[in-house]
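Values below: all heavy atoms of this structure, side chains included; hydrogens, waters and symmetry mates excluded.
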Amino acid sequence: MRKHWIGFLLLPLAVGGLAAWLTKDSMEQFAALAQPPLSPPGWAFPVAWTLLYLLMGLASWLVHKASAPQADKKRALALYGVQLAVNFCWPLLFFRAGAYGTAFWWLVLLLALVLATMVAFGRIDRRAAYLLVPYVLWLLFAGYLNAGVWALNG
């Protein structure tokens, strides 16, 4: 039975929502930290992440429904799942644990996994790979912000 597209949108939203819920008590502490230049206002983060999670979900659905070999789709979606799990851990490291250096290197790992997921998705459905481009760009910006917070507060 084919999964409905809504489940593919809800999975990353649920992962991000759970991470946000687990770190909500850390936001006041984070707001008190010295921030690097170009830091966006706090409201921009949930807006950006919601859009990124929706794009991720849509990309994963395109891969799932593609007419590619099942083994290729399974590998690509497994890689997607791994990057989503790594994505879930980053806010726990950064916001909850305040481990800015560890979180930075975890973000580098996440970026590598997302790039690998893009390549795997692109072999199956080029549109799915393109849908991950904003995610990669946001992760690069998040890396800058993470490194800045680390340098200014670590």
Side-chain angles (χ1 to χ4, degrees), residues 1-24 26-27 30 36 38-40 42-150:
M1 179 175 174
R2 286 174 84 74
K3 294 181 183 175
H4 196 273
W5 61 269
I6 196 85
F8 287 87
L9 295 180
L10 290 178
L11 176 64
L13 287 171
V15 168
L18 179 58
W21 181 75
L22 290 171
T23 58
K24 70 181 183 313
S26 308
M27 291 300 115
F30 172 71
L38 306 176
S39 293
W43 61 263
F45 293 98
V47 171
W49 276 110
T50 299
L51 293 172
L52 294 171
Y53 286 132
L54 289 170
L55 291 174
M56 279 186 244
L58 179 57
S60 68
W61 177 71
L62 288 172
V63 168
H64 168 75
K65 75 173 195 79
S67 61
Q70 195 63 29
D72 292 347
K73 295 192 312 186
K74 188 174 182 176
R75 276 192 298 274
L77 290 172
L79 190 54
Y80 169 75
V82 170
Q83 73 78 29
L84 197 55
V86 170
N87 176 305
F88 171 78
C89 295
W90 181 84
L92 301 176
L93 290 168
F94 186 86
F95 294 109
R96 196 160 173 113
Y100 308 126
T102 303
F104 175 79
W105 293 111
W106 194 261
L107 194 60
V108 170
L109 170 65
L110 176 58
L111 181 58
L113 288 168
V114 173
L115 289 170
T117 301
M118 261 181 85
V119 170
F121 278 17
R123 290 181 180 144
I124 295 167
D125 186 323
R126 196 170 296 277
R127 297 171 302 170
Y130 290 136
L131 286 170
L132 297 182
V133 169
Y135 185 22
V136 168
L137 295 174
W138 183 259
L139 289 177
L140 290 169
F141 183 58
Y144 157 76
L145 294 173
N146 188 153
V149 168
W150 182 21

Visitor: Does atom NZ of K74 have more than 12 heavy-atom neighbours, drawn from other residues, nucleotides or ligands, at distances under 6.0 Å?
Guide: no
Visitor: Looking at NZ of K73 and CG of D125, how far apart are the two atoms once the value is rounded to the nearest 0.5 Å?
Guide: 10.5 Å
Visitor: Nearest 0.5 Å please: distance from the CZ atom of F45 over to the CG atom of L145.
Guide: 5.5 Å
Visitor: So Y135 and N87, side-chain contact (heavy atoms from CB on, under 4.5 Å) or not? Walk me through it.
Guide: CA-CA 11 Å; Y135 185 22; N87 176 305; 2.8 Å; yes
Visitor: Can you confirm if the aromatic rings of W5 and F8 lie within a centre distance of less than 6.0 Å?
Guide: no
Visitor: Checking L132 against L55 for the side-chain contact (heavy atoms from CB on, under 4.5 Å) test, could you report, in this order, the C-alpha distance in whole Å, the side-chain angles of both residues, the deciding distance, and whether it holds?
Guide: CA-CA 7 Å; L132 297 182; L55 291 174; 6.0 Å; no
Visitor: Return the minimal non-hydrogen interatomic distance between S60 and L77, and the atom names on each side.
Guide: O-CD2, 3.7 Å
Visitor: Taking side chain as C-beta onward, heavy atoms only, is Y53 less than 4.5 Å from T50?
Guide: no
Visitor: Using side-chain heavy atoms (C-beta onward) and a distance below 4.5 Å, is Y80 in contact with L84?
Guide: yes
Visitor: Would you please test M27 and T23 for side-chain contact (heavy atoms from CB on, under 4.5 Å) and show each step?
Guide: CA-CA 7 Å; M27 291 300 115; T23 58; 4.1 Å; yes
Visitor: W150 vs F94, test: side-chain contact (heavy atoms from CB on, under 4.5 Å). Steps then yes/no.
Guide: CA-CA 10 Å; W150 182 21; F94 186 86; over 6 Å; no
Visitor: Cut-off 3.5 Å, no hydrogens considered: what does the side-chain donor-acceptor table look like for residues 95-124, sequence neighbours left out?
Guide:
| residue | atom | partner | partner atom | Å |
| --- | --- | --- | --- | --- |
| R96 | NH1 | L22 | O | 2.4 |
| W106 | NE1 | V86 | O | 2.8 |
| T117 | OG1 | L113 | O | 2.8 |

Visitor: Just wondering, are more than 12 heavy atoms of other shown residues or ligands nearer than 6.0 Å to OH in Y130?
Guide: no
Visitor: Rounded to the nearest 0.5 Å, how far apart are CG of L11 and CD1 of I6?
Guide: 12.0 Å
